Protein chains: 2
Amino acid sequence: MNDPSDRAVESQAAHASHHKILEVAEMLFARRGFSGVGVREVAETAGLSKSSLFHHFRNKVELYEAVLARVLARIEDRLSPTLSDDERCRERLDRWIDALIDALAEHPTTARLLLRALFEDDDRPSEPSAAGKDLQATLGRIIEGLTGILAAGVEQGVFRAVSSAHTVQTVIGATVYHFASGDFGAELCGGSLVARDAVRQRKREVKALFHHGLAAVPAGAGAGGAT
Amino acid sequence: MNDPSDRAVESQAAHASHHKILEVAEMLFARRGFSGVGVREVAETAGLSKSSLFHHFRNKVELYEAVLARVLARIEDRLSPTLSDDERCRERLDRWIDALIDALAEHPTTARLLLRALFEDDDRPSEPSAAGKDLQATLGRIIEGLTGILAAGVEQGVFRAVSSAHTVQTVIGATVYHFASGDFGAELCGGSLVARDAVRQRKREVKALFHHGLAAVPAGAGAGGAT
DNA sequence: CTGCCGTCCGACCGATCGGTCGAAGCTCGA
DNA sequence: TCGAGCTTCGACCGATCGGTCGGACGGCAG
């Protein structure tokens, strides 16, 4: 599923509308959430009628899941190459965060959509659909990547002794929320070169924050967290 | 249900239904968001009919804003005493995060509701209602508190030279997302004593993370973030 | 007892929701 | 030229949306 030929044919064959709908839906769902967007709005923004949209996607949740799947796949594509290279956990963590930020900054909508999906899936408790399971699996794989890096770091004594499972939530939450947050999204929507610089600066800051925050304290720094 | 003090009279005068509605609405809005909850559901869960609810709140957004105002006030109550005491920024940061986590852990719904409100307000671009402005102001005050702590720390050389405005987003995002995240919310909803311990552990971890992450690097640690 | 007032409710409103259906137009191979 | 097979669409469906209205119930001062 990597040859440019196959995928191009696949994506192209399923006419342009399909793609356009997904793009529009991604933007709208990111902005107003699943319940806040009507299929009519999606369809007409994409340039066709509601009935036509239902010809491409059986129902609303299938459309939503398709959007989510695309976004998650995009993120996983960015993240997967950071998992296998060397064994130095600090660099791996840096690269992982780097890749996540790149993925989030790629489209300004991604962070918001992901943030919603990450803690909104509890909304629909009864959706054991195949696609839903697939999304869950992809998300699990992504999270597992970071968990592995953190756990390895802790085990090797490179990171402080933190609960890697909890820390994953903190890191992802910080990063995703950071890029979902209002003014930055606005910046990204508007500017382009300016936004590039902003991304780079924030990337550096976020990376450094966790780099230092997780590093096994080099002793001497008497900053005990006792309260 | 807790304090028999002066404020209780105030809340009590505006009959029990009012309070019950707010509680139910907070839970539902936290779970499914503004658009995902109908006033009918709120009303009937609170034990009355839709028309009766509209006797207490003029419309849905007023109800939503009331819920948000209550939550924000609760958070501000916790956060305000951390702003004035001493001048040691690291301790102030610790206490601020402490208080935020306490506020978030108080009710399991708080984090989700806040997380939604924090980046969903862009959904309704045209709501310059008085109450809306008030919410924005309260939120601004809260954020300003952390911004001040960070800025002071950077100025004094206690923290690394980070953009305090951006770091605020990271800290708040990490914390709020952390407590909004699925399994933990579930834990909190169910258990009580176990949850207490979990809160304490996570509090320690989150605090330590930012404590170390923001601390001015004690030199010698050659962890340049260059890529 | 009689009004008054705050609470509650059933009935109802127009609008919109997600979704279906059948008929048009389209291209393209036979 | 003729269907076959997509895609698109308008019309329509029942359900639900947020919100209104007028009246019923109950306590309380006169």
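Note that the structure is a prediction, hence the values are computed from the model and not measured. Chain A is the first sequence line, chain B the second, and so forth, proteins listed ahead of strands; every chain is numbered from 1.
Atom pair Glu62(A):CD and dG18(C):C1' shows a separation of 14 Å (rounding to whole Å applied). Protein atom CZ of Arg32(A) is 14 Å distant from nucleotide atom P of dT16(C), rounded to whole Å. Note: CZ (Arg40(A)) to P (dC13(D)) measures 17 Å, nearest angstrom. Following rounding to the nearest Å, Leu63(B) (CG) and dC17(D) (C1') show an atom-to-atom distance of 15 Å. Across the protein-nucleic acid pair, His56(A) atom NE2 and dC9(D) atom P stand 9 Å apart, rounded to whole Å. Following rounding to the nearest Å, Leu48(B) (CG) and dG10(C) (P) show an atom-to-atom distance of 11 Å. Rounded to whole Å, atom C1' of dT20(C) lies 18 Å from atom CZ of Phe57(A). Atom NZ of Lys60(A) is separated from atom P of dT16(C) by 15 Å (rounded to the nearest Å).
Going from atom CZ of Arg40(A) over to atom OG1 of Thr45(A) covers 11.0 Å, rounded to the nearest 0.5 Å.
Taking the six-membered ring for Trp and thresholds of 30 and 60 degrees, Phe34(B) and Phe29(B) have nearly parallel ring planes, at less than 30 degrees apart. Ring geometry for His18(B) versus Phe57(B): interplanar angle under 30°, hence parallel rather than tilted (30 to 60°).
Among the atoms of the strands shown, none is found under 4.0 Å from any heavy atom of Val42(B).
Two residues, Glu41(A) and Ser51(A), neighbour DNA chain C, and the one matched to the more 5' nucleotide by heavy-atom proximity is Glu41(A). The 5' end of DNA chain D is approached more closely, in terms of each residue's nearest nucleotide, by His55(A) than by the other of Lys50(B) and His55(A).
For the pair Val171(B) and Leu100(B), the minimum side-chain heavy-atom distance is 4.5 Å or more.
The listed nucleotides are dG19(C), dC17(C), dC8(C); the one nearest the side chain of Phe54(A) is dG19(C). Each of dG19(D), dC8(C), dA11(D) was ranked by its minimum atom distance to the side chain of Asn59(B); first place goes to dG19(D). Checking dG18(D), dG10(C), dC9(D) against every side-chain atom of Ser49(A), the shortest atom distance belongs to dC9(D).
Within the structure, every side-chain polar atom (N or O) of Ser17(B) is placed at least 4.0 Å from both OP1 and OP2 of dT7(C).
In terms of the salt bridge (Lys or Arg N to Asp or Glu O under 4.0 Å) criterion, Asp134(B) has no residue partners (sequence neighbours excluded).
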